[in-house]
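Each remark here refers to the structure printed beneath this line.
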Amino acid sequence: MKLLPVPENTAGAVALQKMLACRIISRGDLISPGLIAGADVSVNRFGKIGWAAVVVLNYPGLDIEDAVVVEREVTFPYVPGLLSFRELPLIVSAFEKLRIKPDLVIMDGQGIAHPRRLGLAAHLGLVIETPVIGCAKSRLCGEYREPGTIKGDSEPLIYKGETVGTVLRTRDGVRPVFVSPGHRIGINSASKWVLNTCRGYRLPEPIRQAHLAAGRHRIEYNIGNPPVRRT
DNA sequence: GCGACAG
DNA sequence: ATCTTGTCGC
């Protein structure tokens with residue numbers, strides 16, 4: 001089956017998600033992933049062009065070993081719950097250009113903490129057949145109690161009576177992040193590796209570096225293509 | 001019908 | 001996501 005088609009409409013996209021979700025493996029642990037990648041997408045103001053960045057870091061050093069940024073037109077609109085159809089084409093093509101393949105990926109967005117259990121990170125895991133963790137900056141679905149205020153404090157994220165992820169404080173006094181398995185990793189291991197790759201900032205280093213890389217390319221584009229202005 | 005709603 | 005400088009707080 002085609003894992004990432006261009007959906008005819010939202011109904012088709014939803015139907016595909018329901019079929020793919022049953023393939024997700026949300027269990028397992030990783031003992032020592034020597035290479036951890038971060039992925040993120042930046043889209044310009046009009047949602048016309050996007051930049052997908054994938055940065056591979058070694059662990060535990062977290063030095064950059066490889067980085068790829070892909071620039072491409074974004075076609076699918078942003079619809080809550082259907083984000084993967086908008087961003088995955090870019091992300092996947094960036095992964096294909098990577099010289100070094102990571103043992104684990106941390107992706108900006110939800111994993112199985114999704115209405116149909118197929119958030120961006122889960123969908124990515126199926127496509128690249130690699131362990132992926134979803135680490136989102138805000139909630140899409142599910143309920144939770146506010147975790148303690150200290151780095152490492154956490155609370156389960158529960159959706160329809162089922163624990164789908166972890167609300168995790170990655171730094172003292174900042175808003176928590178929403179961690180959930182994407183594919184080939186369990187809930188506990190997912191939050192463990194997010195915490196292990198946090199170095200003084202709210203977001204784990206792999207995602208932070210990917211975000212920075214994508215942003216740099218967007219700036220370059222803006223310099224070469226000055227925005228038209230009205231006087 | 002109403003509110004919620006990753007990026 | 002993006003538009004954006006200074007500013008309040010640990």
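Computed from a prediction, not measured in an experiment: that's the story for all the values here. No hydrogens, no waters, no symmetry mates; every other heavy atom, side chains included, goes into these values. We name chains A, B, ... by the order of the sequence lines, and we start the count at 1 in each one.
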Could you pull out all residues at least two apart from [X] that satisfy salt bridge (charged side-chain N to carboxylate O under 4.0 Å, His left out)?
| X | answer |
| --- | --- |
| A:D40 | none |
| A:E71 | none |
| A:R184 | none |
| A:K160 | none |

Item to complete: Can you run through DNA chain B from 5' to 3' and write each base as (, ), [, ], | or . depending on how it pairs? Watson-Crick or G-U wobble, both distances under 3.5 Å.
Response: .......

Discussion item. Can you list, by chain and residue number, the hydrophobic cluster partners of A:I31 when the side-chain cut-off is 4.5 Å?
Written reply: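 Once heavy-atom contacts under 4.5 Å are chained together, A:I31 still belongs with nothing else.
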
Worksheet item: Apart from A:I207 itself, what residues make up its hydrophobic cluster when side-chain heavy atoms of I, L, V, M, F, W and Y under 4.5 Å apart count as a link, directly or indirectly?
Response: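 Result for A:I207 is A:L30, A:I36, A:V55, A:L57, A:Y59, A:L62, A:I64, A:L104, A:I106, A:I133, A:L168, A:V177, A:V179, A:I185, A:W193, A:V194, A:L195, A:L203.
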
Enumerate, atom names and distances included, each donor-acceptor pair closer than 3.5 Å involving a side-chain atom of residues 4-19 of chain A, sequence neighbours excluded.
from: A:N9; atom 1: OD1; to: A:A11; atom 2: N; distance (Å): 3.1
from: A:N9; atom 1: OD1; to: A:G12; atom 2: N; distance (Å): 2.7
from: A:Q17; atom 1: OE1; to: A:R116; atom 2: NE; distance (Å): 2.6
from: A:Q17; atom 1: OE1; to: A:R116; atom 2: NH2; distance (Å): 2.9
from: A:Q17; atom 1: NE2; to: A:G81; atom 2: O; distance (Å): 2.9

Can you name the atoms? Protein N/O to nucleotides 1-6 of chain C N/O, anything below 3.5 Å, with the distance.
from: C:dA1; atom 1: OP2; to: A:K137; atom 2: NZ; distance (Å): 2.6
from: C:dT2; atom 1: OP1; to: A:S42; atom 2: OG; distance (Å): 2.7
from: C:dT2; atom 1: OP1; to: A:R218; atom 2: NE; distance (Å): 3.3

Worksheet item: Base, sugar-phosphate, or nothing: which does A:L82 touch, judged by heavy atoms less than 4.0 Å apart?
Response: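 Result for A:L82 = base.
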
Discussion item. Mind checking if A:G173 touches a base, just sugar-phosphate, or nothing, with heavy atoms under 4.0 Å?
Written reply: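 Counting heavy atoms under 4.0 Å across all strands, no contact is made by A:G173.
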
Worksheet item: A:R202 and A:T170: side-chain donor and acceptor closer than 3.5 Å?
Response: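 Looking only at side-chain atoms, A:T170 and A:R202 do not form any donor-acceptor pair under 3.5 Å.
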
Discussion item. Tell me every residue that passes side chain to side chain contact (heavy atoms under 4.5 Å, CB included) with A:N188, counting only those two or more places apart in sequence or in another chain.
Written reply: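 Once residues adjacent in sequence are excluded, A:N188 has no partner under the side chain to side chain contact (heavy atoms under 4.5 Å, CB included) criterion.
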
Worksheet item: How would you give the extent of chain A contacts on DNA chain B, as first and last nucleotide 5' to 3' within a 4.0 Å heavy-atom cut-off?
Response: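 So the outermost contacting nucleotides come out as B:dA4 to B:dG7.
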
Only distances under 3.5 Å count here; give the side-chain donor-acceptor pairs of residues 122-130 of chain A to other protein atoms, sequence neighbours excluded, each with its distance to 0.1 Å.
from: A:H123; atom 1: ND1; to: A:S84; atom 2: OG; distance (Å): 2.9
from: A:H123; atom 1: NE2; to: A:L3; atom 2: O; distance (Å): 2.8
from: A:T130; atom 1: OG1; to: A:I128; atom 2: O; distance (Å): 3.0

